[in-house]
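Owing to the predicted nature of the structure, the values given are computational and were not obtained by experimental measurement. Note that ligands are numbered from 1 as they come in the structure, with each ligand's atoms numbered from 1 the same way.
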Amino acid sequence: MLRLGVNIDHVATIRNARGSPWPDPLRAARMAEEAGADGITAHLREDRRHISDGDIDALMAHLTLPLNLEMAATPEMQAIALRHRPHAVCIVPEKREERTTEGGLDVAGNDDMLAGFIAPLRDAGCRVSLFIGHEPAQIRAAARIGAAVVELHTGAYCDLDTEGRHAERDAELDALREGAALAHDLGLEVHAGHGLTFDTVGPVAALPQLAELNIGHFLIAESVFTGLDSAIREMRRRMDAARA
Ligand code: PXP
């Protein structure tokens, strides 16, 4: 079955807008579990613009679902991950000025650094995932340096769909399909995420090599209108329908 990881970063974004304790990301994580999520994802950014260190402490102490900690490849984040030893660590590129994670990691261009960075995390028992584009060179480099998982960036596919550029969207989906097949053939577990919505999730969920999708912003946005439980259940239903 295709797993759904619910990213709760933007529950924290809303909380931080007022500096109040509400809404509580841990409560959102528990509700996501009730609604059928298989895991919780949280991105501890260098600038702590959404998830805080305290959120990670609370999630690690109280969450029963596996936590996927997204983070940049920095010594500070490595130390935090080694202290908590979450189920999974997803390494993402991070630029202070970006609104969200804009592209994938350049694993091919930083293979020595990343190999050294992920080794202690792997030794500590974390499943290490690398957030990359679908380029074969990046996928091959991820396998070569010993990652367990690659998460393919679906942001461009989703943006092209939103912009109505359907021919380019379909070409992007084809490239994701080929990337997923290559990664799977190389023995990597394949995840995907970024920008997925009710409209875009189906064709991605249908890619047979995928084991997990990580979805956040749209679910939190939709929950303003229908509630988090309902938004997650509808996403789960669409994922299952695509696999049926
Ligand atoms: N996967 C990764 C690696 C991400 O960095 C993000 C965004 O934090 C997501 C998935 C989820 O993206 P979105 O919030 O657009 O659903």
In ligand 1, which numbered atoms sit nearer than 4.0 Å to a non-hydrogen atom of [X]?
{"X": "Gly195", "result": "12 (O), 13 (P), 15 (O), 16 (O)"}
{"X": "Phe131", "result": "2 (C), 3 (C)"}
{"X": "Gly216", "result": "13 (P), 14 (O), 16 (O)"}
{"X": "Asp9", "result": "8 (O)"}
{"X": "Val92", "result": "3 (C)"}

Check: Does the pair Arg236/Asp38 count as a salt bridge with the N-to-O cut at 4.0 Å?
Finding: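 Here Arg236 pairs with Asp38 in a salt bridge, since their nearest N and O are under 4.0 Å apart.
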Specify the protein heavy atom at minimum distance from [atom]: its residue, its atom name, and the distance to 0.1 Å.
{"atom": "atom 14 (O) of ligand 1", "result": "His217 N, 2.8 Å"}
{"atom": "atom 10 (C) of ligand 1", "result": "Glu151 OE2, 3.3 Å"}
{"atom": "atom 12 (O) of ligand 1", "result": "His194 CA, 3.4 Å"}
{"atom": "atom 2 (C) of ligand 1", "result": "Glu70 OE2, 3.0 Å"}
{"atom": "atom 11 (C) of ligand 1", "result": "Asn214 O, 3.8 Å"}

Item checked: Passing candidate, side chain to side chain contact (heavy atoms under 4.5 Å, CB included) with Ile51, options Asn16, Leu44, Leu69 ->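 The side chain to side chain contact (heavy atoms under 4.5 Å, CB included) with Ile51 is passed solely by Leu44 among Asn16, Leu44, Leu69.
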Notebook entry, point to check: Are any of the N or O atoms of His10 closer than 3.5 Å to those of ligand 1?
Noted result: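 Such a contact does not occur with ligand 1.
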Check: Looking only at distance, does Gly193 have an N or O less than 3.5 Å from an N or O of ligand 1?
Finding: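 N/O-N/O distance under 3.5 Å: no.
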